[in-house]
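To start, the structure itself, in structure tokens.
The sequence lines fix the lettering, A, B, ..., with proteins before strands; numbering per chain opens at 1.
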There are 2 protein chains.
Amino acid sequence: MAVHDAMDVLTGKWKISIIAVLCYHNKRRFSDILKDVNGISNKMLSKELKEMEQNKLIKRTVLDTQPVTVHYELTEYGQKLQSVIKNLSDWGIEHRKEIMGK
Amino acid sequence: MAVHDAMDVLTGKWKISIIAVLCYHNKRRFSDILKDVNGISNKMLSKELKEMEQNKLIKRTVLDTQPVTVHYELTEYGQKLQSVIKNLSDWGIEHRKEIMGK
DNA sequence: CGGCATCCTTCTGGATACTG
DNA sequence: CAGTATCCAGAAGGATGCCG
């Protein structure tokens, strides 16, 4: 099942949110993402980013500054998830209305 | 973030897969879903279905047969997730190609 | 058939401190 | 700044058995 393949890559509370952030600002530094994504810890961010890099969803670029700067961005391939995110976000808005309505 | 609201409802390895199954066969029994969804245990299926029922994504119908028969189906509201699933599934197919290509 | 109860193991993820 | 390392609690999830 294709859905299952996709989910393998997107498991965890955070990956989808991280991708959503990287959709918006196309380059973003570690500590910025740390602030953007609601309650994530540096450990989790580090872990999730590493997994996503291995899965070729994002690209990591180290700049030779002092101190070090690191950029993360979606790969061309990862950008294909944007429409999924959009869909999900639209549904999330609907969902919030539904819940609040009660 | 709307994405986060959506994810609250869809957490766990299985929910997305279960919805995908219910997209395809619009009514489905417990033990059928158990076979459809790859490696899920009855405990997990039971738990996930209950959560999704509480979130109004699916509807549970008990038929008065001997022994009991139970149908699950997507609510009108849950069906709005179909486009998300479709997107995800398309991406999953791409993803599989990408991985295999290496 | 469609679950629930129990036990047990693994994974998830937070807090804090430390490194180059 | 961008992580790593360690410790630890709780949640997720598998196996098995029982029940109406």
Side-chain angles (χ1 to χ4, degrees), chain A residues 1 3-22 25-55 57-74, chain B residues 1 3-22 25-55 57-74:
Chain A
M1 185 70 85
V3 170
H4 191 269
D5 292 342
M7 289 315 286
D8 272 358
V9 174
L10 301 174
T11 45
K13 276 208 299 221
W14 308 110
K15 291 201 187 65
I16 303 266
S17 301
I18 294 170
I19 293 170
V21 168
L22 291 178
H25 331 267
N26 50 349
K27 282 190 194 224
R28 204 71 177 150
R29 294 189 319 179
F30 187 89
S31 51
D32 290 329
I33 303 174
L34 207 53
K35 287 167 212 153
D36 292 336
V37 178
N38 192 300
I40 197 170
S41 65
N42 60 350
K43 172 181 154 188
M44 277 302 111
L45 181 54
S46 170
K47 197 186 110 199
E48 302 278 57
L49 286 171
K50 201 177 295 177
E51 287 178 24
M52 293 166 74
E53 195 193 348
Q54 280 165 4
N55 287 318
L57 297 181
I58 61 176
K59 181 159 155 266
R60 179 171 179 275
T61 314
V62 181
L63 278 64
D64 194 12
T65 52
Q66 188 51 253
V68 181
T69 307
V70 182
H71 279 163
Y72 291 93
E73 59 193 307
L74 290 176
Chain B
M1 186 69 84
V3 170
H4 191 269
D5 292 343
M7 290 315 286
D8 273 357
V9 175
L10 300 175
T11 45
K13 277 206 299 217
W14 308 109
K15 291 200 185 67
I16 303 267
S17 300
I18 294 170
I19 294 169
V21 168
L22 291 178
H25 331 267
N26 49 349
K27 284 188 193 227
R28 204 70 176 152
R29 293 190 317 181
F30 187 90
S31 50
D32 290 329
I33 303 174
L34 205 54
K35 287 167 212 152
D36 292 335
V37 179
N38 192 301
I40 197 170
S41 65
N42 61 350
K43 173 181 154 188
M44 277 302 111
L45 181 54
S46 171
K47 198 187 112 199
E48 302 277 59
L49 286 171
K50 200 178 294 174
E51 288 178 23
M52 293 165 76
E53 196 192 348
Q54 281 164 5
N55 288 318
L57 297 181
I58 60 175
K59 182 159 154 265
R60 180 171 179 274
T61 314
V62 181
L63 278 66
D64 193 12
T65 52
Q66 188 51 253
V68 181
T69 307
V70 182
H71 278 163
Y72 291 92
E73 58 193 308
L74 291 176

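- One can place CG of A/Leu45 at 16 Å from P of C/dT12, the figure rounded to the nearest angstrom.
- Contact between the side-chain N/O atoms of A/Arg60 and the OP1/OP2 oxygens of D/dG3 is found at a separation under 4.0 Å.
- Nearest-nucleotide mapping onto DNA chain C: of B/Ser31 and A/Glu48, the residue sitting toward the 5' end is B/Ser31.
- To the nearest angstrom, C1' of C/dG20 lies 9 Å from CD of A/Gln66.
- The phosphate of D/dC1 has neither OP1 nor OP2 within less than 4.0 Å of any side-chain N or O from A/Tyr72.
- In this structure, the salt bridge (charged side-chain N to carboxylate O under 4.0 Å, His left out) partners of B/Arg29, at least two apart in sequence or on a different chain, are B/Asp32.
- The nearest whole Å value for the distance from the CE atom in B/Met7 to the P atom in C/dG13 is 11 Å.
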Donor-acceptor contacts under 3.5 Å from residues 65-72 of chain A side chains, at least two apart:
residue, atom, partner, partner atom, Å
A/Thr65, OG1, A/Pro67, O, 2.8
A/Thr65, OG1, A/Thr69, N, 3.3
A/Thr65, OG1, A/Thr69, OG1, 2.8
A/Tyr72, OH, A/Arg60, NE, 3.3

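- In this structure, B/His71 atom NE2 and C/dG3 atom P are separated by 12 Å, rounded to whole Å.
- What separates CG of A/Leu34 from P of D/dG3 is a distance of 11 Å, to the nearest Å.
- For D/dG3, neither phosphate oxygen OP1 nor OP2 lies less than 4.0 angstrom from any side-chain nitrogen or oxygen of A/Arg29.
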After noting the C-alpha distance and the side-chain angles of A/Phe30 and A/Leu45, does the key distance pass the side chain to side chain contact (heavy atoms under 4.5 Å, CB included) rule? CA-CA 8 Å; A/Phe30 187 89; A/Leu45 181 54; 4.0 Å; yes
Pairwise N/O distances under 3.5 Å, protein to nucleotides 14-20 of chain D:
residue, atom, partner, partner atom, Å
D/dG14, O6, B/Lys43, NZ, 2.2

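- In this structure, CD1 of B/Ile58 is placed 14 Å from P of C/dG2, rounded to the nearest angstrom.
- Annotation: salt bridge (charged side-chain N to carboxylate O under 4.0 Å, His left out) contacts of A/Lys50 (sequence neighbours excluded): none.
- Close to C/dC4, at under 4.0 Å from its OP1 or OP2, lies no side-chain N or O of B/Lys47.
- Screening residues 36-47 of chain B for side chain to side chain donor-acceptor pair (under 3.5 Å) gives B/Arg28-B/Asp36 as the qualifying pairs, with residues at least two apart or on separate chains.
- If you measure from atom CD of B/Glu51 to atom P of C/dC4, you get 12 Å, rounded to the nearest angstrom.
- Phosphate proximity of C/dC4 to B/Ser46: present, with a side-chain N or O under 4.0 Å from OP1 or OP2.
- To the nearest 0.5 Å, atoms OG1 (B/Thr61) and CG (B/Asp64) are separated by 13.0 Å.
- Across the protein-nucleic acid pair, A/Lys50 atom NZ and D/dA2 atom P stand 15 Å apart, rounded to whole Å.
- Not counting sequence neighbours, the partners of B/Lys15 by the side chain to side chain contact (heavy atoms under 4.5 Å, CB included) test are B/Thr11, B/Glu48, B/Glu51, B/Met52.
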